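First the proteins, then the strands, lettered A, B, ... as listed; each starts at 1. For clarity, every value in this text was computed on a predicted model and none was experimentally measured.
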Number of protein chains: 2
Amino acid sequence: MIRLNRTTEYGLIALWHMSRKKSTHVNLLTTAREISDHYGLPFEITAKTLQRLKNADFIHSSHGAKGGYYLKKNLKDVSFADFLSLMEGGQSLVICTFPREHPEDGSCEYRDRCEIKSFMSSLNQRMVQFLANIRLSELEEFYSNNNGKDLSANIPVSLLVSQKEALKT
Amino acid sequence: MIRLNRTTEYGLIALWHMSRKKSTHVNLLTTAREISDHYGLPFEITAKTLQRLKNADFIHSSHGAKGGYYLKKNLKDVSFADFLSLMEGGQSLVICTFPREHPEDGSCEYRDRCEIKSFMSSLNQRMVQFLANIRLSELEEFYSNNNGKDLSANIPVSLLVSQKEALKT
DNA sequence: AATATATACGATAATATATGTCGTATATAG
DNA sequence: CTATATACGACATATATTATCGTATATATT
């Protein structure tokens, strides 16, 4: 079954969280602990997911006490294909449609005699296009799902620091 | 990464094989051994894949010596979504988009606090639509890939039986 | 300086899924 | 009666995902 990895879901939840927070014009920093607590996600994986998003320049990080993350990229500029490539690797329905990761021609043991390569290539191309046409900014259309919950509810007062202040360091 | 199962690939290859054979108007029966030999696929899995296609009424089977399979359904009537549902189960990017397999509301442990459910639901719906718009008859557009290879090359003469004859039983 | 908090990240363990194999039963042609 | 082929459950292996652990580094506060 075509199913996303959990880390991909965690990443989307984290982006949703930070994006919504940004939209409130209360530009607070978000910590890994805040997200894992708020949504009940495993802390370690949430932290690593955020580090991954940071390395891809989706978010900005600041170290130490009162450190944390905030959304850096405009989600309008990120396609779901981009995001998936970051979280799970590039889209490739079958081994032979991903030459970059498998430069050797013989990566698929059936390649020589396979006769559906062209079909698969065409199909894969269209799927990538489909995913590339979806912007992560679509997440913003679903802010209403929050049902009025206050995202800052379980944030300790000590963390109420603006991005401007965080940027000083 | 969004990747198809091997059994799905085997199934596509098998359908391609039988469809192309049918198109030559030499309505031969195809055995599991013929396909596994011709494409170098593992016999047992190929056989099970064909049994699965048979149970879903995609192909017809006849038992015993000179037995085998032939394509029954018109591939124009089968969407890639249908085929995937058969081979890998229905499309569901995340747990909560597949209520039929998970009727209990709490199947996803994060469901209660998750706030991207609507986004995921929308995304999943569009993906299913995308897959439903693809017909398996597209395989036929790629018959030329065969590069002139003769599909009956490695079929023993004893198997040169027409469908009509196979239907007698 | 010492402490608490937070990111960074490699290594490894636990779990789940996918893939492949084996054994046996049944059907049919010759 | 034998060879061939489908049918299918049970099991073994391999791979990938998911989670955890340990340690290092950075920074604000006291």
**Request:** Just call it for A/Lys48: base, sugar-phosphate, or nothing, with non-hydrogen atoms closer than 4.0 Å on any strand.
**Result:**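 It contacts base atoms.
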**Message:** Within the 4.0 Å heavy-atom criterion, would you say B/Ala32 contacts the bases, only the backbone, or no part of the nucleic acid?
**Reply:** sugar-phosphate
**Item:** Residue pair B/Phe142, A/Ile116: steps toward the side chain to side chain contact (heavy atoms under 4.5 Å, CB included) verdict
**Value:** CA-CA 7 Å; B/Phe142 297 97; A/Ile116 62 167; over 6 Å; no
In this structure, how many angstroms lie between the [atom2] atom of [N] and the [atom1] atom of [X], rounded?
X       : N      : atom1 : atom2 : value
A/Leu53 : C/dC9  : CG    : C1'   : 15 Å
B/Glu34 : D/dT4  : CD    : P     : 16 Å
A/Leu50 : C/dA8  : CG    : C1'   : 12 Å
B/Leu4  : D/dA16 : CG    : P     : 15 Å
A/His63 : D/dT23 : NE2   : P     : 20 Å
B/Met1  : C/dT17 : CE    : C1'   : 16 Å
A/Arg3  : D/dT17 : CZ    : C1'   : 13 Å
A/Ile2  : C/dT17 : CD1   : C1'   : 16 Å

State whether [X] places a side-chain N or O below 4.0 Å from either non-bridging phosphate oxygen (OP1 or OP2) of [N].
X       : N      : value
B/Asn5  : C/dT17 : no
B/Thr31 : D/dT4  : no
A/Tyr10 : D/dT17 : no
A/Thr7  : D/dT17 : no
A/Lys66 : C/dT5  : no
B/Tyr69 : D/dA7  : yes
A/Tyr70 : C/dT7  : no

**Message:** For a 4.5 angstrom cut-off between non-hydrogen side-chain atoms, does B/Leu41 reach B/Ile13?
**Reply:**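 Touching, per the 4.5 Å side-chain cut-off.
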**Prompt:** Does some side-chain heavy atom of B/Phe80 sit less than 4.5 Å from a side-chain heavy atom of B/Leu136?
**Reply:** yes
**Prompt:** Using purine N1 to pyrimidine N3 plus N6-O4 or O6-N4 for Watson-Crick, or N1-O2 and O6-N3 for G-U wobble, both under 3.5 Å, which nucleotide pairs with C/dT21?
**Reply:**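 When the pairing criteria are applied, D/dA10 turns out to be the nucleotide that pairs with C/dT21.
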**Prompt:** Between A/Ser85 and A/Ala81, is there a donor-acceptor pair closer than 3.5 Å when you use the side chain of the first and the backbone of the second?
**Reply:** yes
**Request:** Check every atom of D/dA19, D/dA7, C/dT19 against the side chain of A/Ile45 and return the nucleotide holding the closest atom.
**Result:** D/dA19
**Asked** Among C/dC9, C/dA29, D/dA7, which nucleotide sits nearest the side chain of B/Gln51?
**Response**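 Between C/dC9, C/dA29, D/dA7, the one nearest the side chain of B/Gln51 would be D/dA7.
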**Request:** Could you verify whether a donor N or O on one side chain and an acceptor N or O on the other, from A/Arg20 and A/Thr24, lie under 3.5 Å apart?
**Result:**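 Side-chain D/A pair, A/Arg20 to A/Thr24: absent.
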**Request:** Quick one: pull up NZ in A/Lys48 and NZ in A/Lys54 and give me the separation to the nearest 0.5 Å.
**Result:**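 The distance works out to 15.5 Å.
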**Message:** If you assign each of A/Glu44 and A/Gly64 to its closest nucleotide in DNA chain C, which residue comes earlier from the 5' end?
**Reply:** A/Gly64
